[in-house]
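Accompanying notes for the structure given below.
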Number of protein chains: 2
Amino acid sequence: MVMRLFLQTHRKPVLSDDDIASLEAAAGKTVDYAAKRVIVRENVPLTQCTLLMSGFVERFKDTPDGRRQILAIHVPGDFVDLHSYPLKRLEHSVAALTPVTVVNFPHADIRALTAKSATLTELLWRSTLIDAAINREWIVSVGARGASVRLAHLMCEMFVRLERIGLTRGEEFDFPVTQIDLADATGLTAVHANRMLRQLRERGLVEFRQGLVKILDWPALKDFAGFDPRYLFLD
Amino acid sequence: MVMRLFLQTHRKPVLSDDDIASLEAAAGKTVDYAAKRVIVRENVPLTQCTLLMSGFVERFKDTPDGRRQILAIHVPGDFVDLHSYPLKRLEHSVAALTPVTVVNFPHADIRALTAKSATLTELLWRSTLIDAAINREWIVSVGARGASVRLAHLMCEMFVRLERIGLTRGEEFDFPVTQIDLADATGLTAVHANRMLRQLRERGLVEFRQGLVKILDWPALKDFAGFDPRYLFLD
DNA sequence: CGGTAGCTTGACAATACTCAAGCAGCGTGG
DNA sequence: CCACGCTGCTTGAGTATTGTCAAGCTACCG
């Protein structure tokens, strides 16, 4: 049951019942974190991975001059730091954006899994690479899109990813983060993010208020954001 | 011999002579491309990977409004699109920044390698994840660093990566790309990139001229860029 | 009830972009 | 050999976008 949401987002390659069972069996301790708690600190040797069960998690880096850049936002079912298995440490930190529940997977158990099943290995590998594809889409966002488009694009991404795991209600979804978080994710200041969110609302595209996102016009929003979901590899 | 530079950058996990031999044996055709030629087109089914032997390669995306965002720059010894093995396609394109030579590795042969050696699989997996770590550092660059700092940081990264494979001469190295390329990589316009490069030169940090980079003051440059090489996982 | 975190708005400053022009170098064809 | 066109670099002037500083507001918590 622990892997339900993960398998819902990752449908290829197809796993045998046996593979699924051993994956489930590798699950270790369940841990809760309060909002803003650091879950994994950068450049510290790691011996386990973290599967997000509920809530939202951020991967981020702080710069010397005090800015925070969010590198990725994770939704339930995401293996937040599976890349720590081959890398042995992370070059960034991981923190809870909201109250979260996670399940740990010891590296030793993952090693056993990969030794046993090549298909499973490929699925896990692929999962880390989809994260990387999202990382790259974010480079495009911060590097080549205007402020309001960036925010619109982020809303599109969250909508599609949350829809996949059944966490949307029609055209709205809970996204209990602050405007500061949105600013840190898009490389903007909180003040400017606020203005751009207002603009998106006034244009009738999306509304973000008190952690609730309402898509007002999905086709128009997608078009405005230049959103092409193929980078999410949901096929 | 084909894997020499690759193994020079990727020293962990340590491979057996057997693993190295089978990796070498997987090498397929050698192909040359002229500068600016597209090597892999986005969202097209792929059946092989590309190892860069000489020259520089870019991974990029074009936006609807005509901007190009470079997502990564590859140096000799890099597996440019190893991630196409688990993903089966790329969500971005790959092109030659300079004249290049590459060697192809059929997915089928990589599959055979991974079936045979778990250590080799881990090394390949790790290699794709180091690329991802670089992707994330670029998010920080475009999202949270000023224009001149971004360029300085890119110069630091290229210097360290090229030094690793013996392509630097003291504190200088060949980097035969245009200012437009640098602008596309850093999310700036060519005009602004030009001004910022002049600033870096006048401050006595780095000089970029006609595809030649001269580090003028490495400690000062590193400090100015906030460059921390740990994200390159060279240990 | 005071304090804090988050949202909102305004006025102003800094950063980066656009448009435009001129120049240098290089390869090609007359 | 020269003339031409092309690509890339450089600089200036004006504009647009985004950031900074500041203040006031709300809601919620202790």
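This one's a predicted model, so the numbers in the text were calculated from it and none came from an experiment. Worth knowing before you read on, the calculation uses all heavy atoms, side chains too, and leaves out hydrogens, waters and symmetry mates. In what follows, chains are A, B, ... by sequence order, proteins preceding strands, each numbered from 1.
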Nearest-Å distance, [atom1] ([X]) to [atom2] ([N])?
{"X": "Met196(B)", "N": "dT11(D)", "atom1": "CE", "atom2": "P", "result": "12 Å"}
{"X": "Arg209(A)", "N": "dA27(D)", "atom1": "CZ", "atom2": "C1'", "result": "15 Å"}
{"X": "Leu197(A)", "N": "dT18(D)", "atom1": "CG", "atom2": "C1'", "result": "15 Å"}
{"X": "Asp65(A)", "N": "dT20(D)", "atom1": "CG", "atom2": "C1'", "result": "14 Å"}
{"X": "Ile180(B)", "N": "dG8(D)", "atom1": "CD1", "atom2": "P", "result": "5 Å"}
{"X": "Gln210(B)", "N": "dG8(D)", "atom1": "CD", "atom2": "P", "result": "14 Å"}
{"X": "His192(A)", "N": "dC12(C)", "atom1": "NE2", "atom2": "C1'", "result": "15 Å"}
{"X": "Glu202(A)", "N": "dT9(C)", "atom1": "CD", "atom2": "C1'", "result": "12 Å"}

Salt-bridge present ([X], [Y]; N to O < 4.0 Å):
{"X": "Asp174(A)", "Y": "Arg169(A)", "result": "yes"}
{"X": "Asp235(B)", "Y": "Arg89(A)", "result": "yes"}
{"X": "Asp65(A)", "Y": "Arg145(B)", "result": "no"}
{"X": "Arg230(B)", "Y": "Glu42(A)", "result": "no"}

Is a donor-acceptor contact shorter than 3.5 angstrom present between the side chain of [X] and the base of [N]?
{"X": "Arg145(B)", "N": "dT15(C)", "result": "no"}
{"X": "Arg195(B)", "N": "dG12(D)", "result": "yes"}
{"X": "Arg150(A)", "N": "dT17(D)", "result": "no"}

### Message
On the nucleotide dT8(C), are OP1 or OP2 found under 4.0 Å from the side-chain N or O atoms that Asn194(A) carries?
### Response
yes
### Task
May I ask you to verify if any side-chain N or O of Arg198(B) is less than 4.0 angstrom from the OP1 or OP2 atom of dT11(D)?
yes
### Message
Contact between Val40(B) and Ser84(B) at the side-chain level, heavy atoms closer than 4.5 Å - yes or no?
### Response
no
Starting the side chain at C-beta, find the nucleotide from [options] nearest to [X].
{"X": "Thr189(B)", "options": "dT18(D), dC17(C), dC7(C)", "result": "dC17(C)"}
{"X": "Gln179(A)", "options": "dC21(D), dC7(C), dA16(C)", "result": "dC7(C)"}
{"X": "Lys36(B)", "options": "dC7(C), dG19(D), dT7(D)", "result": "dT7(D)"}
{"X": "Thr178(B)", "options": "dC17(C), dG8(D), dT11(D)", "result": "dG8(D)"}
{"X": "Arg201(A)", "options": "dT11(D), dT8(C), dA16(C)", "result": "dT8(C)"}
{"X": "Leu188(A)", "options": "dG19(D), dG10(C), dT11(D)", "result": "dG19(D)"}

### Task
Using a heavy-atom cut-off of under 4.0 Å over every strand shown, decide if Gly187(B) touches base, sugar-phosphate, or nothing.
sugar-phosphate
